[in-house]
Every structure is written in C-alpha cells, then in structure tokens.
Amino acid sequence: MQLIPGMGPASARGMLDHMIGAADPIRALLDAPSPRRAAEEWQAFVEMISDLRRGRSGWPAELERARRWYEPHLERLHEDALMRRADLIQLEQIASGYPSRECFLTELTLDPPDATSDQSGLPLLDEDYLILSTIHSAKGQEWKSVFVLNVVDGCIPSDLGTGASEEIEEERRLLYVAMTRAKDDRHVHASRTRFIPDELLGLFESSTWPNISTDLMSRDPGQGVRIDVAARMRGMWR
C-alpha cells in the first residue's frame with residue numbers, strides 16, 4: 001500500500017486494522033473508502049486486487065497483472081527501473097514452469113535468485129566473498145572450490161543420524177553431495193570419516209600440514225631437533 005503516492009505508514013496501518021476486524025479482509029479492502037490523498041492511485045490498486053481475487057486470468061497471468069500495476073511505481077521510485085523490470089519479466093517466465101502460485105512462492109522462498117538482469121561491470125572488492133551453505137542447500141549447485149567442514153565421525157555422519165542403517169546411508173549421500181559440488185578438489189585435515197575407508201584413499205590426494213620444508217627433509221636423522229619440553233611446560237603457567 002505504501003507504494004501508492006499519498007499512502008504513508010499511518011494510512012496503511014489504519015487500512016490493515018480495518019481489514020483485520022472484518023470476516024472477509026479482502027472484501028473489506030475493496031469496499032473501504034479511498035484514502036483522501038491517494039484516491040486515483042488507490043482505485044487502480046483496488047481493481048488489481050479485485051482481479052486477483054476473482055482469479056479469472058489464472059496462474060501465472062496473475063503475476064503479469066500485478067507487474068503491470070506495479071510498473072508506474074517502479075519507474076517513479078527507482079533509477080534502475082529498466083533493469084528491475086527485466087528481472088520481473090524474467091520472474092514471470094520462471095513462474096510459468098510452476099503449476100500454482102503456492103508452488104512458485106514456496107520454491108522462491110527456499111531458493112531465492114542471487115543475480116539480476118544488469119550488465120556486468122568492473123570487478124569490485126565486494127565481489128570477493130565466501131558463500132556459506134548447508135549441504136542440503138548445496139544440492140544442484142557447483143563452485144570452483146568447496147571446503148567441507150568437520151568431515152569427522154560425529155559430524156559426518158552426525159551422531160544423531162547413526163541409529164539405523166537407513167540413517168547412515170542418508171548421511172553418506174549427503175557427504176557425496178558435498179564432495180561433488182566443487183570443480184577443483186580439496187583435502188581436509190581431520191580424523192577421516194568412516195565413509196572414506198582405507199580402500200578409497202588411493203582416489204584422494206594426500207598431503208601433510210604444515211608442509212615439511214626441504215631443509216627438514218634433508219636433515220640427518222641423527223641430528224634430531226632439540227626442544228626444551230620442561231621450559232615450554234613451565235611457560236604455559238606464566
């Protein structure tokens with residue numbers, strides 16, 4: 001409602017209070033008198049809501065109906081209106097692949113888009129970012145490099161998911177999803193999960209941490225490395 005010129009927070013709140021007290025909130029909205037400062041624009045808004053309520057156009061044409069009402073406000077409120085309009089048109093095309101408004105909104109809420117129709121520009125420091133994702137949300141995604149955290153028993157598989165063989169298999173499938181999201185493979189530094197037994201180690205690249213320097217590798221084993229363990233222990237309590 002506050003997209004409409006002349007409709008401020010107080011006017012919108014009053015209209016919502018009027019709707020909440022009615023048995024049929026949408027009907028109450030349609031029958032409410034036009035706000036004094038937004039009469040003309042309010043009428044266009046009510047007509048749009050009425051069309052959606054009747055459902056004559058069906059899905060996904062309802063989304064187009066809402067966009068056509070919104071476009072004048074889009075151009076008035078945003079300098080990048082053309083880009084935003086292109087996003088909305090793309091959204092309509094995506095919506096056509098869903099059987100209902102409910103299915104579309106559910107999917108859009110669970111997996112919202114992270115890009116717009118704008119043209120690419122100069123790279124910015126803000127574009128150097130890290131994506132945090134759960135394994136469930138990573139299904140179907142792919143990145144250049146992926147670091148899977150805590151690939152150890154108790155985390156993968158979770159100690160809450162080892163009560164039955166079916167649960168363990170589900171945990172194994174989740175690990176497979178995580179490990180196949182990356183274009184470039186990486187290793188982990190931790191106690192290995194049970195899902196990577198010794199028989200599969202040949203399929204992985206192994207490395208040590210920290211990397212052993214060349215001078216240490218060439219050192220005569222007889223020389224040894226002298227460490228004053230007692231002094232270090234005393235230093236811990238200083």
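- A distance-only check finds a donor-acceptor pair linking the side chain of T180 to the backbone of Y176 [under 3.5 Å].
- When all heavy atoms of F195 and L200 are compared, the pair lying nearest together is O-CD1, 4.0 Å.
- L91 and L52 are assigned to two separate hydrophobic clusters, defined by single-linkage of ILVMFWY side chains at heavy-atom distances under 4.5 Å.
- Under the side-chain contact (heavy atoms from CB on, under 4.5 Å) criterion, R27 pairs with D24, L30, D31, R53, not counting sequence neighbours.
- In this structure, CH2 on W143 lies 12.0 Å from OG on S145, to the nearest 0.5 angstrom.
- Remark: L82 CG to E75 CD distance equals 7.5 Å, nearest 0.5 Å.
- Side-chain contact check for M1 versus W42: some heavy-atom pair is nearer than 4.5 Å.
- For E169 (side chain) and E166 (main-chain N/O), no donor-acceptor pair under 3.5 Å exists by modelled atom type.
- Of all the heavy atoms in A178 and V146, the pair that sits closest is O-CG1, 4.2 Å.
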- Message: Let's go through M48 and R68 carefully: what are the C-alpha distance in whole Å and the side-chain angles of both, what is the deciding distance for side-chain contact (heavy atoms from CB on, under 4.5 Å) to 0.1 Å, and is it a yes or a no?
- Response: CA-CA 9 Å; M48 184 266 297; R68 285 191 283 107; over 6 Å; no

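- Placement of L16 and M7 within a single hydrophobic cluster is found when ILVMFWY residues are connected by side-chain heavy-atom separations under 4.5 Å, directly or transitively.
- Residues E41 and H73 have side chains in contact (heavy-atom distance under 4.5 Å, counting atoms from C-beta outward).
- Contact record, A38 with P5: CB-O, 3.2 Å, taken as the closest heavy-atom pair.
- Counting only heavy atoms from C-beta outward, the side chains of I89 and Q93 approach each other to under 4.5 Å.
- Side chain of R181 to main chain of E142: no donor-acceptor pair is present (N/O by atom type, distance under 3.5 Å, no hydrogens or angles).
- Of the inter-residue distances, the one linking Q43 atom CD with I4 atom CD1 reads 10.5 Å to the nearest 0.5 angstrom.
- Rounding to the nearest 0.5 angstrom, the gap separating the NZ atom in K139 from the NE2 atom in H136 is 5.0 Å.
- V46 is not connected to I20 by any chain of hydrophobic side-chain contacts under 4.5 Å among Ile, Leu, Val, Met, Phe, Trp and Tyr, and they are in different clusters.
- With hydrophobic clusters built from ILVMFWY side chains whose heavy atoms lie under 4.5 angstrom apart, L74 does not share a cluster with M83.
- Under the 4.5 Å side-chain criterion, counting only non-hydrogen atoms from C-beta, R172 is not in contact with P157.
- Checked against a 6.0 Å centroid threshold, the rings of F104 and W59 count as neighbours.
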- Message: Set out, in order, the CA-CA distance, both residues' side-chain angles and the distance that settles side-chain contact (heavy atoms from CB on, under 4.5 Å) for E171 and S158, then state yes or no.
- Response: CA-CA 7 Å; E171 293 284 307; S158 168; 3.8 Å; yes

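- Remark: R65 does not engage E62 in a salt bridge, criterion side-chain N to carboxylate O under 4.0 Å.
- In this structure, H18 and A28 approach most closely via the heavy-atom pair NE2-O, 3.5 Å.
- Taking the side chain as every heavy atom from C-beta outward, Y70 and L88 approach each other to under 4.5 Å.
- Under the 4.5 Å side-chain criterion, counting only non-hydrogen atoms from C-beta, L3 is in contact with W69.
- Crowding of R54 atom CZ: a count of heavy atoms from other residues, nucleotides or ligands under 6.0 Å exceeding 12.
- In terms of hydrophobic clustering, with Ile, Leu, Val, Met, Phe, Trp and Tyr side chains grouped at heavy-atom distances under 4.5 Å, I131 and V148 are assigned to a common cluster.
- Rounded to the nearest 0.5 Å, atoms CG (D17) and CE (M19) are 10.5 Å apart.
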- Query: Step by step, would you call L175 with V151 a side-chain contact (heavy atoms from CB on, under 4.5 Å)?
  - Reply: CA-CA 8 Å; L175 177 60; V151 188; 3.9 Å; yes

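- Residue L174 comes nearest to I135 through the heavy atom pair O-CG2, 3.2 Å, listed as atom of the first residue, atom of the second, then distance.
- Nearest heavy atom pair, residue M15 against residue A32, reads SD-CB, 3.6 Å.
- Distance check, rounded to the nearest 0.5 Å: CG of L77 to CZ of R84 gives 9.0 Å.
- A distance-only check finds no donor-acceptor pair linking the side chain of S137 to the backbone of S133 [under 3.5 Å].
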